[in-house]
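Quick notes on the structure that follows.
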Amino acid sequence: MNRIEERLALLKQAGKTAFIPFLMAGDPDFASSEEIVFLLDRSGADIIEYGVPFSDPVGDGPVIQQAAQRALRGGASMKEVLESVRRIRTRSSVPLMLFSYLNPILAYGIEAFARDAAEAGVDGVLCVDLPPDEAAEYKRLLDAAGICTIFLAAPTTTEVRLKLIGEQSSGFVYYISRLGVTGERAILEKDLERAVTRVKKLTGKPVCVGFGISTPEQAAAVASMADGVVIGSALVRLIHEQSARPGGIDAIKVWADNMSRAIHEKH
Amino acid sequence: MLARRMGKTRVIAETGAGQHGVATATAAAALGLECDVYMGSEDMEWQQLNVFRMRLLGARVIPVDTGSRTLKDAINEALRDWVTNVRHTHYVLGTVHGPHPFPMICRDFQSVIGREARAQILEREKRLPDMLLACVGGGSNAIGLFYAFLADAQVRMVGVEAGGKGLVPGMHAARFAGGSRGMLHGAMSYVLQNEDGQIGSTHSVSAGLDYASVGPEHAWLHDIGRVEYTCASDEEALKAFELCSRLEGIIPALESAHAIAEVIKRAPGMDPNAILLVNLSGRGDKDVQQAMRFLPEYR
Ligand SMILES: Cc1ncc(COP(=O)(O)O)c(C=O)c1O
């Protein structure tokens, strides 16, 4: 069984919610990203979302845009990201998914990507700008490689489309808590609970919620309604602020421990 | 009007040279819609006249400082705005690019050009033209001209891209000559990119042609061999700009001057009775400030 599916099934049995931190691979460099993945694993992260940097990330707000730029300036590429996953796998079996735009996957070649990603130890891929109705070949190749295909659903997604997203997704469906791009928000969307229930029902898949969640309080609130909580920009910003500082890694550990506790205990 | 019909109260647009921004701002003013236009800050510098026009028409012009500060980055920001405000905002995409159905909507509107041109030339010359020429940024004016003639097998068609300073990565916007299959802004097409799939930077003397991808229907017309694609350099376009002004009394847009440059290359080798139909996609008024930099002898 795929590590993501396995972890979500275990959590469900235990009545718990997944903690899914996002970080940009290669920001500030691969050695630091890998160190942070190990730290997140120790803090109880259930799935790591590992960002593949792209020059034109139209789904991202400024924090993640700038992280991608920094990683690209450091020479990051899909090949390097997969090598990084390979290094992570020598020391950790934490479930790991890539967050990528389609073009770096196309340039790599979808077939070669599916093969090399599986071989490196990738468990799932969220391709942000690939609509589920254009994904037949992609899905066939990733399915064959045993990699989960995760698709996005938004507050404006219609019933018909939610059903399609459910059919095309494996592992889970990623629900965008509010319209817009990635980034931290002060308040959660009202009616989130009803929206998540609707997505669960129509897709028939576990639903993890992301975009805009940044504090332990928000995370705990979302944890009580969803199967997983994704936290992106807040961590990416913290990594940027702390990575150059002596002892910065400890600050990231404290953050991760707090977030993990908030989600797993659902205050 | 689409925005109105969908009950949306706000429109947004991206613009390179400012033409599409002015058009959107004009429609928004006439229909009483709120209007925001994203424009690369580099393009804003060279197209101050159009920036002023848009503001005068009541639009907000939002400078985009990310990336190459040109059209591609303006589209990135417009897409981000759109996904955030889609409930009350319609995105008026300015060329035959972007996610479906944008390329189709824009092509259908622009195809008025070809329908009228075809009727007029048949009326005046009693026969079809031998060759159509148009510049290709995203590709809307070109597809608008070509579309009505696609079934006329004897009519040759040439799309002219920006050759910039030469076909070196970063120095041009010739997607067919220097690009490869890729996806940008929701459309699969020819894209200027590196081997890792990162989008390349582009250059052209004309802001409207300065874009890393090209409308997907052009990619198809290229692959089936129906339309030939070539490019004109900055220098050739400036020469054509000068020559057209002097010989015809028409100051063309720098974008359109790329198509004229191709006419200058081809016409001498053709039958003197051949009819070449070139799409003058815009007037050069907006470009005089830019042209003065390169043609100091007229200052
Ligand atoms: C006058 C003019 N012609 C052509 C273009 C290029 O666009 P398209 O290729 O979509 O016609 C522009 C774009 O701004 C323009 O201003």
Side-chain angles (χ1 to χ4, degrees), chain A residues 25-26 52-62 64-66 68-69 71-82 100-110 112-113 127-131 133-135 137-138 152 154-157 176-183 185 189 211-212, chain B residues 6 8 14 38 40 64-89 91 93 97-102 169-170 179-202 211-213 216 219:
Chain A
V52 179
F54 180 52
S55 55
D56 293 79
V58 291
D60 286 300
I64 294 180
Q65 283 173 43
Q66 284 155 20
Q69 284 304 321
L72 288 175
R73 275 200 298 274
S77 66
M78 181 65 90
K79 209 164 128 247
E80 298 235 4
V81 173
L82 294 181
S100 181
Y101 288 82
L102 181 59
N103 207 49
I105 296 177
L106 282 180
Y108 198 95
I110 303 178
F113 168 74
C127 184
V128 203
D129 54 350
L130 175 64
D133 32 6
E134 302 274 352
E137 187 195 358
Y138 165 90
L152 294 168
T156 46
T157 307
I176 296 174
S177 68
R178 52 184 298 165
L179 293 177
V181 293
T182 56
R185 308 284 194 319
E189 191 89 329
F211 279 40
Chain B
M6 291 188 290
K8 298 190 175 181
E14 87 295 345
Y38 289 91
V64 177
D65 266 319
T66 50
S68 56
R69 305 190 296 137
T70 57
L71 185 58
K72 165 175 78 74
D73 310 284
I75 297 180
N76 286 347
E77 281 311 316
L79 284 167
R80 290 179 183 126
D81 180 317
W82 189 42
V83 298
T84 308
N85 301 304
V86 63
R87 287 200 168 100
H88 67 280
T89 297
Y91 180 15
L93 217 155
H97 205 275
H100 176 73
F102 280 115
S180 52
R181 200 176 93 115
M183 194 185 92
L184 177 65
H185 297 143
M188 182 84 84
S189 186
Y190 283 78
V191 178
L192 293 169
Q193 56 185 326
N194 70 10
E195 59 182 18
D196 300 324
Q198 307 298 339
I199 306 305
S201 59
T202 52
Y211 180 50
S213 183

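Convention: sequence-line order gives letters A, B, ...; per-chain numbering from 1.
- Here the straight-line distance linking atom CG of A:Asp56 with atom CE of B:Met183 works out to 11.0 Å at 0.5 Å rounding.
- Counting heavy-atom pairs closer than 4.5 Å to chain B, the top-ranked of the candidates A:Ile176, A:Leu130, A:Ile105, A:Asp60 is A:Asp60.
- The interface of residues 187-195 of chain B with chain A, defined by heavy-atom distances below 4.5 Å, comprises B:Met188, B:Gln193, B:Glu195.
- Both the backbone and the side chain of A:Pro155 come within contact range of chain B, each with at least one heavy atom under 4.5 Å from a heavy atom of that chain.
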Are A:Val181 and B:Val83 close enough, and set up right, to give a side-chain contact (heavy atoms from CB on, under 4.5 Å), and what steps lead you there? CA-CA 7 Å; A:Val181 293; B:Val83 298; 4.0 Å; yes
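- With values rounded to the nearest 0.5 angstrom, B:Asp196 atom CG is found 10.5 Å from A:Ser55 atom OG.
- For A:Tyr108, no part lies near chain B; criterion is any non-hydrogen pair under 4.5 Å.
- Within the 4.5 angstrom heavy-atom criterion, only side-chain atoms of A:Leu72, from C-beta onward, approach chain B.
- To the nearest 0.5 Å, atoms CG (A:Leu106) and CG (B:Leu184) are separated by 11.5 Å.
- Checking side-chain atoms of B:Asn76 against main-chain N and O of A:Val58 turns up no donor-acceptor pair under 3.5 Å.
- Heavy atoms of A:Gln66 lying under 4.5 Å from chain B are absent altogether.
- Contact annotation for B:Ser180: neither backbone nor side-chain heavy atoms come within less than 4.5 Å of a heavy atom of chain A.
- Both the backbone and the side chain of A:Pro57 come within less than 4.5 Å of a heavy atom of chain B.
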Does A:Gln65 form a side-chain contact (heavy atoms from CB on, under 4.5 Å) with B:Arg80? I'd like the steps, not just the answer. CA-CA 12 Å; A:Gln65 283 173 43; B:Arg80 290 179 183 126; 3.1 Å; yes
